[in-house]
Amino acid sequence: MPLTDAHGRKHDYLRISVTDRCNLRCIYCMGEEGIEQLSHSDILSYEDIIKVVEAGAELGISKIRITGGEPLIRKGIVDFIKKISSVHGINDLSMTTNGTLLTHYAADLKKAGLDRVNISLDTLRPEQYQKITRCGKLKQALEGIESALKYGLMPVKINTVLMKGINDLEVTDFLKLTLEKPLHVRFIEYMPIGDHDRGYPDHYLPLSFVEKKAKQAGMALTPIPLPGGAGPAESYAIPNGKGTVGLIHPISKHFCDTCNRLRLTAEGNLKACLYWQDEKPVRPAINDKKKLQALIKNVLNGKPVEHQMAANGVCGMVKPGTMRGMSKTGG
Ligand code: SAM
Ligand code: SF4
């Protein structure tokens with residue numbers, strides 16, 4: 001019996017934030033000063049996360065994504081990946097990372113059972129990378145991408161948040177990247193999430209902009225079947241390209257009707273929707289699998305039909321959602 005919500009959507013995917021901390025400070029994700037960090041004792045232990053995964057796997061969860069904050073800064077991440085990859089029923093294990101530490105970890109992560117990575121990269125220009133991340137070095141992220149390719153964390157997907165006035169002039173450079181390398185560049189619409197003002201209305205751009213730029217550059221975007229685990233991305237190939245292009249429109253064409261995700265926050269709360277405030281702690285049920293499973297079903301039952309980040313494709317919030325930024329919920 002598949003795990004379904006009250007709106008009939010099948011759920012097989014759990015995204016787990018293993019930390020709210022990060023070694024970068026991306027302008028669209030958190031304020032300059034970072035976030036108010038959880039103390040170590042507030043973070044759900046690896047042991048407890050595994051209990052949630054085991055309970056979920058028995059119900060039909062088969063795909064897990066590890067995220068954060070930056071998952072590679074949590075101690076013991078490789079051993080944790082090893083444990084999670086051996087949970088019966090989990091057949092797709094991925095990670096979202098900024099990639100800056102991947103040169104150190106890619107080989108071990110692959111050996112531990114990680115299937116693939118999504119690496120966030122919003123610019124190909126060193127100075128702009130420093131500005132967007134406020135402290136990062138582009139070279140480290142690019143080397144991380146090379147390591148992911150080298151050790152076969154495939155398909156290697158690149159997450160690029162499109163922002164007007166920040167990286168919109170680089171759309172064709174990212175498209176060209178897919179001609180040269182077997183990378184799957186996914187443009188993502190900037191989302192108004194969290195509690196600080198990031199000049200959202202000034203920077204939001206619908207992804208029709210990418211289609212326009214591709215056309216102007218004479219790069220025909222041809223629809224293709226989704227590469228492994230593509231989720232909500234519309235996928236395209238450019239003739240003679242080694243990689244693909246994905247478009248993820250959470251705002252202008254939201255994909256709530258096919259949402260298959262549950263989320264576990266770093267402090268151990270289950271959330272059924274990235275946007276809304278509703279979440280329930282797993283700790284009271286953590287030592288009883290039946291209770292955990294009842295909790296998962298309960299959270300899923302209360303899943304709203306859709307987020308309210310924008311009305312009719314117009315940018316801007318309609319109803320106040322969660323005050324958590326992406327680094328706290330796990331993007
Ligand atoms: N630190 C890791 C990383 O950057 O890949 C994982 C966590 S990060 C919160 C996960 C994803 O959320 C990243 O791809 C990031 O670009 C995306 N993200 C964060 N804030 C966003 C926003 N306001 N709109 C769209 N995507 C956002
Ligand atoms: Fe860190 Fe990822 Fe947020 Fe950037 S997007 S600040 S790398 S958690």
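Atoms within a ligand are numbered from 1 in the order they appear, just like the ligands themselves.
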For Asn159, take its heavy atoms, then give the atoms of ligand 1 lying under 4.0 Å from any of them.
14 (O)
If the threshold is 4.0 Å, N to carboxylate O, is there a salt bridge linking Asp168 and Lys213?
no
Side chains of Asp122 and Asn167: any donor to acceptor distance under 3.5 Å?
no
Who gets closest to atom 24 (N) of ligand 1 by heavy atom: Arg65, Arg21, Met191?
Met191
Work out how many protein N, O or S atoms lie closer to atom 4 (Fe) of ligand 2 than 2.8 Å.
1
Using the rule given for ring-ring contact (aromatic ring centres under 6.0 Å, His included), can you reason through Tyr46 versus Phe80, listing the C-alpha separation, both sets of side-chain angles and the distance that settles it, and then say yes or no?
CA-CA 7 Å; Tyr46 284 142; Phe80 170 66; 4.4 Å; yes
Taking only non-hydrogen atoms of Gly68 and a 4.0 Å limit, the atoms of ligand 1 in range are 7 (C), 9 (C)
Does Glu58 come within less than 4.0 Å of Lys289, counting only side-chain N to carboxylate O?
yes
With heavy atoms of Gly69 as the reference, note each atom of ligand 1 found under 4.0 Å away.
1 (N), 2 (C), 6 (C), 7 (C)
Provide the number and element of each atom of ligand 1 under 4.0 Å from a heavy atom of Glu189.
25 (C)
If we only consider heavy atoms of Cys26, is any one of them less than 4.0 Å away from an atom in ligand 1?
no
Measure from atom 14 (O) of ligand 1 to every heavy atom in Ser120, Ala141, Pro192, Pro250 and give the option owning the shortest one.
Ser120
Test: Lys51 and Asp48 ion pair at under 4.0 Å
yes
Minimal heavy-atom distance between Leu14 and Leu264, with the atoms involved, is CD1-N, 4.1 Å
Show me which atoms of ligand 1 lie under 4.0 Å from any heavy atom of Thr96.
2 (C), 5 (O), 6 (C), 10 (C)
For Lys181, is there an ion pair with Glu146 - N to carboxylate O distance below 4.0 angstrom?
yes
Of the non-hydrogen atoms in Asp202 and Lys164, which two are nearest, and what is the gap between them?
O-CE, 3.2 Å
What do the steps show when you test Ile296 against Leu262 for side chain to side chain contact (heavy atoms under 4.5 Å, CB included), and what is the final call?
CA-CA 9 Å; Ile296 292 172; Leu262 269 170; 3.8 Å; yes
Just to be sure I read this right, does ligand 1 sit under 4.0 Å from the backbone of Thr67, its side chain, both, or neither, counting only heavy atoms?
side chain
For a side-chain hydrogen bond (donor to acceptor under 3.5 Å, both in side chains) with Ser94, tell me which candidate from Arg65, Lys63, Arg15 qualifies.
Arg65
If the threshold is 4.0 Å, N to carboxylate O, is there a salt bridge linking Glu180 and Lys176?
no
Proximity of Thr97 to ligand 1 by residue part, where a heavy atom lies under 4.0 Å:
backbone
